[in-house]
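Beneath this line is the structure, given in structure tokens, with notes to follow.
Each chain gets a letter, A, B and so on, in the order its sequence line appears, and its residues count up from 1. These numbers come from the heavy atoms of this one structure, side chains and all, not from hydrogens, waters or symmetry mates.
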There are 2 protein chains.
Amino acid sequence: MTAIRDTETIRILTVDDHQLLREGIAAVLESQEDMTIVAQASNGREAVESFRRLRPDVTLMDLRMPDMSGIEAITVIRHEFPNARIIVLTTYAGDAQAAAALKAGAAGYLLKNLVRKELIETIRAVHSGKRRIPPEIATEIAEHVADDELTDREIEVLRRVAAGKSNKLIAAELDISEGTVKTHMKSILPKLDASDRTHAVMIALKRGILDL
Amino acid sequence: MTAIRDTETIRILTVDDHQLLREGIAAVLESQEDMTIVAQASNGREAVESFRRLRPDVTLMDLRMPDMSGIEAITVIRHEFPNARIIVLTTYAGDAQAAAALKAGAAGYLLKNLVRKELIETIRAVHSGKRRIPPEIATEIAEHVADDELTDREIEVLRRVAAGKSNKLIAAELDISEGTVKTHMKSILPKLDASDRTHAVMIALKRGILDL
DNA sequence: CCAAGGATCTCCCAAAAGGGGTAGGGCACC
DNA sequence: GGTGCCCTACCCCTTTTGGGAGATCCTTGG
């Protein structure tokens with residue numbers, strides 16, 4: 001039995017700020033003989049530290065976490081270790097979030113309402129170098145790839161709109177003219193296919209462009 | 001050992017649409033000798049059925065679920081079994097949600113980012129007839145008890161505002177005059193302490209008065 | 001060097017939203 | 001039989017928003 005080679009065991013890092021969920025993942029994975037959890041982290045910063053130290057074969061990463069978000073953590077890890085295999089495991093937060101995670105280098109994107117089998121199957125697939133995006137998420141992302149994305153400035157404006165600020169106030173905060181804020185709004189509305197600023201904010205929330 | 005009385009074992013029902021999280025709860029609770037999970041449900045409807053059949057001592061209930069929400073399930077269960085001890089276990093969804101759950105009869109309100117100890121301690125406390133509301137949630141709720149609540153009609157209007165509809169369109173949909181919609185808005189904004197309709201929608205989302 | 005995209009600014013105009021006040025009708029609770 | 005609350009409706013007026021068009025400046029990338 002001691003002859004089983006290490007390379008046959010998938011070494012896993014789990015990252016989520018919900019201890020209960022990590023326990024659930026652990027319970028599921030530890031029933032698999034070829035999987036072992038080598039560390040757990042509860043935010044992005046800890047995830048990066050653990051990854052550097054342990055170089056897990058597969059990382060399960062939530063996106064919304066205090067301290068450092070999953071997207072940031074994925075970006076840092078993949079920058080240092082381009083071969084890192086990372087699976088996002090989160091509640092759905094919109095196509096923009098999912099697309100950002102994949103752009104940052106995630107190899108899979110799972111929703112937390114999955115069943116054991118999907119989790120295990122995806123870990124094996126990603127470990128062997130494949131990518132795994134569930135069709136419903138792929139579809140959502142595909143629906144918006146052709147869209148014109150909001151620029152950083154436009155998001156900055158929209159974030160303030162969501163805070164209930166008038167164009168005039170936003171202009172003062174950003175130190176630009178009110179006319180320019182209006183120009184940005186005139187660019188934002190058609191990009192999001194929104195009928196007015198309130199609608200634009202709602203769409204941005206649903207798509208994960210803004211956070212609540 | 002067979003002399004230990006049944007009444008010393010706390011019989012628990014867990015309700016959550018995330019299988020992984022239920023596994024986590026199970027892993028934590030089954031390490032406790034005096035706790036046993038008698039059933040699991042993945043939505044409100046199943047929760048009500050399971051409760052009727054098994055009469056668990058304590059129920060752990062999520063709020064957002066398909067089919068029937070946790071609030072509805074709590075309402076139904078407590079109507080049939082006024083002594084049912086139910087603990088809400090959810091990600092924070094605003095003071096309005098929490099207040100609604102407590103009004104429906106929940107005895108505790110826990111957040112999913114809790115640690116094992118809190119969960120176990122709360123189950124024991126609630127089982128023995130106590131109520132347990134974490135101070136940060138109690139504070140949030142308390143901050144708004146003095147507020148004038150939105151009426152059903154106002155929420156109906158606000159929901160449509162959130163959908164990006166103009167006062168005129170909302171008036172047509174509700175079959176009232178545009179002036180009346182404006183009257184409702186003039187009532188909504190100060191109640192939510194919002195500067196405009198966009199702000200009102202954001203506040204309603206954060207407080208759990210509206211869903212995304 | 002030129003093109004493209006982004007950010008900035010201006011002007012004009014119509015539509016929508018917000019703030020003030022007033023008021024009638026219906027319904028439930030004392 | 002009031003009192004209070006809600007929904008409804010209207011008035012007037014100001015501010016804000018959204019739509020159309022044009023134009024400059026700067027940076028980035030062939």
Ignoring hydrogens and geometry, is there a side-chain-to-backbone donor-acceptor pair from B/His199 to B/Ser195 under 3.5 Å? yes
Please tell me which of the listed nucleotides, [options], lies nearest to the side chain of [X]?
{"X": "A/Lys186", "options": "C/dA16, C/dC9, D/dG20", "answer": "D/dG20"}
{"X": "A/Arg153", "options": "C/dA7, D/dA9, C/dG21", "answer": "C/dA7"}
{"X": "B/Ser177", "options": "D/dT17, C/dG18, D/dA9", "answer": "D/dA9"}
{"X": "B/Thr151", "options": "D/dC6, C/dA16, D/dG18", "answer": "D/dC6"}
{"X": "B/His184", "options": "D/dT17, D/dG18, D/dC7", "answer": "D/dC7"}

How close or far is atom [atom2] of [N] from atom [atom1] of [X], stated in whole angstroms?
{"X": "B/Glu154", "N": "D/dC7", "atom1": "CD", "atom2": "C1'", "answer": "10 Å"}
{"X": "A/Glu178", "N": "C/dT10", "atom1": "CD", "atom2": "P", "answer": "11 Å"}
{"X": "A/Ile188", "N": "D/dT17", "atom1": "CD1", "atom2": "P", "answer": "12 Å"}
{"X": "A/Lys191", "N": "D/dG18", "atom1": "NZ", "atom2": "P", "answer": "16 Å"}
{"X": "B/Arg197", "N": "D/dT17", "atom1": "CZ", "atom2": "P", "answer": "12 Å"}
{"X": "A/His199", "N": "C/dA17", "atom1": "NE2", "atom2": "P", "answer": "14 Å"}
{"X": "A/Lys165", "N": "D/dT17", "atom1": "NZ", "atom2": "P", "answer": "13 Å"}
{"X": "B/Asp148", "N": "D/dC6", "atom1": "CG", "atom2": "P", "answer": "7 Å"}

If I compare all heavy atoms of A/Ala93 with all of A/Arg64, which pair ends up nearest, and what's the gap?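 What the structure gives for the nearest pair is CB-NH2, 4.4 Å.
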How do B/Gly179 and A/Ala194 order along DNA chain D: which one's closest nucleotide is nearer the 5' end?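 The answer here is B/Gly179.
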Which residue lies more 5' along DNA chain D, comparing B/Asp196 with B/Glu149 via nearest heavy atoms: B/Glu149
Could you grab the distance from atom CE of B/Met61 to atom CD1 of B/Ile87, nearest 0.5 Å is fine?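 The CD1 atom of B/Ile87 is 11.0 Å from CE of B/Met61, to the nearest 0.5 Å.
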Does any N or O donor sit under 3.5 Å from an N or O acceptor when you compare the side chain of B/Lys182 with the base of C/dG19?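 Under the 3.5 Å cut-off, the side chain and the base do not form any donor-acceptor pair.
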Looking at C/dC9, does its base get a donor-acceptor pair with the side chain of A/Thr183 below 3.5 Å? yes
Judged by modelled atom types alone, do A/Glu136 and A/Thr139 share a side-chain donor-acceptor pair under 3.5 Å?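 The answer is no; no qualifying pair exists.
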Do you see a donor-acceptor pair shorter than 3.5 Å between the side chains of A/Asn167 and A/Arg197? yes
Here's a test of your reading of the structure: between B/Thr198 and A/Ile176, which maps to the more 5' nucleotide of DNA chain C?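 Result: A/Ile176.
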Would you indicate what B/Thr180 reaches in the nucleic acid, counting non-hydrogen atoms under 4.0 angstrom: base, sugar-phosphate, or nothing?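 Base: the residue B/Thr180, judged by heavy atoms under 4.0 Å, touches a nucleobase.
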Side-chain N or O of B/Asn167 versus OP1/OP2 of C/dA16: is the shortest distance under 4.0 Å? no
